[in-house]
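To find a chain, count down the sequence lines: A is the first, B the second, and so on, and within it residues start at 1. Side chains included, hydrogens not; waters and symmetry mates left out as well; all remaining heavy atoms used. All values derive from a computational prediction rather than experimental measurement.
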There are 2 protein chains.
Amino acid sequence: MNSPKLPSPPSSDHEPEGGLEGGRKRATINDIARLAGVSKKTVSRVINQSPFVRDETRERIEAVIAEWGYAPDPQARGLAFRRSFLIGMIYDNPNPQYVVNMQLGLLDGMRGSGFELVVHPCNRASPTFLADVRTFVERQKLYGVVLPPSVSEDERVAKLLNEIGCAYIRIASVELDKPEHMIVGHDRMGGAQAARHILDLGHRRIAFISGPATFRSSHERRGGFEAALAERGLTLQPSDIIQGAYTFESGVACGDELLARTPRPTAIFAGNDEMAAGVLQSARKAGLSVPADLTVVGFDDFQIAQAVWPPLTTIHTPTREIGRMAAEKLIDAERRERREERDPARTEPTLVVRQSSGPAPVV
Amino acid sequence: MNSPKLPSPPSSDHEPEGGLEGGRKRATINDIARLAGVSKKTVSRVINQSPFVRDETRERIEAVIAEWGYAPDPQARGLAFRRSFLIGMIYDNPNPQYVVNMQLGLLDGMRGSGFELVVHPCNRASPTFLADVRTFVERQKLYGVVLPPSVSEDERVAKLLNEIGCAYIRIASVELDKPEHMIVGHDRMGGAQAARHILDLGHRRIAFISGPATFRSSHERRGGFEAALAERGLTLQPSDIIQGAYTFESGVACGDELLARTPRPTAIFAGNDEMAAGVLQSARKAGLSVPADLTVVGFDDFQIAQAVWPPLTTIHTPTREIGRMAAEKLIDAERRERREERDPARTEPTLVVRQSSGPAPVV
DNA sequence: CTGAAAGCGCTTACAG
DNA sequence: CTGAAAGCGCTTACAG
């Protein structure tokens, strides 16, 4: 609401025009036009890949562009287009590994495109959350935004973006929107894979630690898990399901509660690796050996899965790959579709078996 | 070298001018000028906090600005200023937690300033590294850049930035440049703290696992450690120092090597938490109990320090705080100096004692 | 203290 | 297929 402080204009001391050595000014569209003997408008057409340029003319202009290493000024282009060449990543996610992997994936998909990535962490619970998003998108005239969970699951954000006409991609565990706005992670499949693995090991006393209700993935992972259990005739009691917060600490607390019960579960599926690591900690405190006394399975396959002892059996999610696909979808729908035809991209999770899971103890 | 593909112009289908509901166009400087009965130049003076505006005029204009929620278009302003309001973070750092904390800190320091953060991970070993940095900075006309380690330690980058006249802040463990370009982390102090803690526990057979030589922090942490040891009459032999790569896996490998020796070290100081976690893993494989048989001390105090067993005694570094200071220094030198006077910001590391360190075993 | 003119480097209409 | 004019929303010189 209150107007933000504005940046001061750049100070002009210490910086003689053009710097010390790299003083040769960069070419502009006017330079290229003059050099190629055409109007700037025709150069503009070449830049924007307009079909209405004679091949010969195009080639001449492209040669001059290449010779001078000309690249159009994104700021000027943006001003004229009324839209910047900036892509925003708006997120509220507690996991650094997820955030970094997602950023890397988006950058993978943007490489060589001339776009840049502007990061915008936020707090979905803040009373100014929506206003903040709106200000960010409108003021920067973002080309588009990518929304990972749980921001992706906020219908108010999607509605806002539609209203102000900003392109967006939602990354979520399930199809929440029109296909052109979605990259789907299919967390449900991952939950099912975890269930089958645990069942294959002979476990019957099984517990599930859910993520927070505010994340759709919590429900999907649980849903897939329960469904696959049901296929083999096993039903989880309400008491077999307890809720964590996707954090290590909540994993410890949930583990403490579960492992104090009689009878004790012989296998615990945690909604993510952080919580699974917490369960490992809890088992150690209880004097339990993993996997001899207890099987623990996580979800995500982030680094922590390999840093704990024993290394976690977990469900791998291709976060970076998903990011790449999101960026490509946002930037260039046509090219993406062609690519998908010949190289169908996978966003499905896969089971990774390590040492935290083993046969059910013989009673 | 080869010109990048250019973004396509925004497609005009599906998006009727002005969106669905938020269709009222945002006010421009012309609107404000007309409404306030002044020229746009005078509005511009108010925006840029020029002192050459009569108080009465200023107040009238500010009232109109507030009433209309006007905010100048950063793209247009940037085009006229020949400089954007974008701040770049250029980094090549393997630790997601560090990257995310640094980003959060930069954002803390930028909040309400009207600047935005553009992230630019890179590969310092790439043959096109310097050219990439140059292209990024020049094409986006960045207002300034922040360089965390190890990019901050690359003198070629600093030289380049000076040449093209781009403001920059280097974050490093030691003063590498003029004070106005530096935020210093004083890793040396942290190394000394680790040494004193280990000595206080009675250890004499001590080993050090260094980070990669390409990180200045590796040398500083080691230097502080050795100096504090020397103060108490202890000198590390060359064989007591081995080199890792700041990764979990390298920590395991170095731990394996160290723990196979006779006599075995009773305390290991690892250059960061990842490697310390690796040593823990290695100790477990060797059947050693921590801290009864072996003391392990890390550096950084990232989340992994608390997720492993036993939780790591480590040296806490205020990464996010350092990021905040870097952004503030870049954006507004004057305000920063005043703030530092009354609230001297600390960037020094501090010892955090947890359960991976204990008295030297009685022989 | 204030303003009219020109310009930043592009693109959008509009002609031809 | 190509171009001259006007404009995107600001700021920089330059006057007064």
Side-chain angles (χ1 to χ4, degrees), chain A residues 6-12 15 17-18 25-61 65 68 70-85 114 138-141 143, chain B residues 6-12 17-18 25-34 36-61 65 68 70-85 114 138-141 143:
Chain A
L6 288 166
S8 314
S11 62
S12 48
E15 284 171 24
E17 271 290 35
K25 280 191 182 162
R26 304 187 43 168
T28 72
I29 196 173
N30 287 308
D31 300 323
I32 302 301
R34 185 165 25 77
L35 260 15
V38 295
S39 76
K40 64 206 278 198
K41 176 60 220 176
T42 301
V43 177
S44 175
R45 285 197 181 87
V46 171
I47 293 172
N48 292 294
Q49 309 179 57
S50 158
F52 305 116
V53 181
R54 222 188 334 157
D55 281 350
E56 188 205 339
T57 313
R58 176 190 309 282
E59 281 159 21
R60 181 154 37 97
I61 294 173
I65 287 178
W68 289 79
Y70 166 71
D73 181 331
Q75 223 150 81
R77 235 153 80 90
L79 182 59
F81 270 142
R82 290 155 189 74
R83 194 166 171 189
S84 76
F85 294 99
E138 287 192 330
R139 189 162 305 169
Q140 300 301 323
K141 299 211 229 65
Y143 186 91
Chain B
L6 288 166
S8 315
S11 62
S12 46
E17 270 290 34
K25 280 192 181 162
R26 303 187 44 168
T28 73
I29 196 173
N30 287 309
D31 300 324
I32 303 300
R34 185 164 25 77
V38 295
S39 76
K40 65 206 276 198
K41 176 61 220 178
T42 301
V43 177
S44 174
R45 286 198 179 87
V46 171
I47 292 172
N48 291 294
Q49 307 180 58
S50 159
F52 306 116
V53 181
R54 228 193 325 165
D55 281 351
E56 188 206 337
T57 313
R58 175 189 310 283
E59 281 158 22
R60 182 154 36 97
I61 294 172
I65 287 178
W68 289 78
Y70 166 72
D73 181 331
Q75 222 151 94
R77 233 153 81 90
L79 182 59
F81 270 143
R82 292 157 189 73
R83 195 166 169 187
S84 76
F85 293 99
E138 287 193 330
R139 189 161 304 171
Q140 300 302 322
K141 299 209 227 67
Y143 186 92

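Which of C:dT2, D:dG3, C:dT11 sits closest to the side chain of B:Val53 comes down to C:dT2. Listed nucleotides: D:dT11, C:dG9, D:dT2. Nearest to the side chain of B:Ile29: D:dT11.
Closest non-hydrogen pair, A:Ala36 versus A:Ile61, comes out as CB-CG1, 4.0 Å. The two atoms that bring B:Ile47 and B:Tyr70 nearest to each other are CD1-OH, 3.6 Å, heavy atoms only. Of all non-hydrogen atoms in A:Gln140 and A:Ser84, the two that sit nearest each other are O-OG, 3.1 Å.
For A:Thr57 and D:dT2, the shortest distance from a side-chain N or O to OP1 or OP2 is below 4.0 Å. Listed pair A:Ser39 / D:dG3 meets the phosphate criterion, a side-chain N or O lying under 4.0 Å from OP1 or OP2. OP1 or OP2 of C:dC1 has not a single side-chain nitrogen or oxygen of B:Arg45 nearer than 4.0 Å. The phosphate of C:dT11 (OP1 or OP2) has a side-chain N or O of A:Ser44 nearer than 4.0 angstrom. Distances shorter than 4.0 Å separate none of the side-chain N or O atoms of B:Thr42 from OP1 or OP2 on C:dT2. Between B:Asn30 and D:dC10 there is no side-chain polar atom (N or O) within less than 4.0 angstrom of OP1 or OP2.
To the nearest angstrom, C1' of C:dG9 lies 18 Å from CZ of B:Arg77. Regarding B:Ile47, its CD1 atom lies at a distance of 6 Å from the P atom of D:dC10, rounded to whole Å. The nearest whole Å value for the distance from the CG atom in B:Asp73 to the P atom in D:dT11 is 10 Å. The nearest whole Å value for the distance from the CZ atom in A:Phe85 to the C1' atom in C:dT11 is 10 Å. If you measure from atom CZ of B:Arg34 to atom C1' of C:dG3, you get 17 Å, rounded to the nearest angstrom. Rounded to an integer number of Å, the gap from A:Asn48 CG to C:dT12 P is 7 Å. Atom P of nucleotide C:dG3 and atom CZ of B:Arg54 are separated by 10 Å, given to the nearest angstrom. Atom P of nucleotide D:dA15 and atom CZ of B:Phe52 are separated by 18 Å, given to the nearest angstrom.
In terms of the side-chain contact (heavy atoms from CB on, under 4.5 Å) criterion, residue partners of A:Ala76 (sequence neighbours excluded) are, by chain and number, A:Asp73, B:Leu79. With sequence neighbours excluded, no residue forms a salt bridge (Lys or Arg N to Asp or Glu O under 4.0 Å) with A:Lys40. Listed by chain and number, the residues in a side-chain contact (heavy atoms from CB on, under 4.5 Å) with B:Arg60 are B:Val38, B:Thr57 (sequence neighbours excluded).
Legend: salt bridge (charged side-chain N to carboxylate O under 4.0 Å, His left out) pairs involving residues 49-58 of chain A, not counting sequence neighbours, sorted by first then second residue: A:Arg54-A:Glu56.
Where B:Arg58 and B:Leu79 each meet DNA chain C at their nearest nucleotide, the meeting point lying more 5' is that of B:Arg58.
Here the side chain of A:Arg83 pairs no donor or acceptor atom with the backbone of A:Lys141 at under 3.5 angstrom.
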Requested in this report: List the steps and the verdict of side-chain contact (heavy atoms from CB on, under 4.5 Å) for B:Arg77 and B:Ile29.
Outcome: CA-CA 11 Å; B:Arg77 233 153 81 90; B:Ile29 196 173; over 6 Å; no
**Report entry** Test side-chain contact (heavy atoms from CB on, under 4.5 Å) applied to A:Asp31 and A:Trp68, step by step
**Finding:** CA-CA 10 Å; A:Asp31 300 323; A:Trp68 289 79; over 6 Å; no
Sort me out a list of protein N/O and nucleotides 5-7 of chain C N/O pairs below 3.5 Å, or just none if empty.
none

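Within 3.5 Å, no donor on the side chain of B:Arg26 pairs with an acceptor on the base of D:dG9, nor the reverse.
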Report summary line: Pairs under 3.5 Å (Watson-Crick or G-U), crossing ones as [ ], inter-strand ones as |: DNA chain C comes out as |||.||||||||.|||
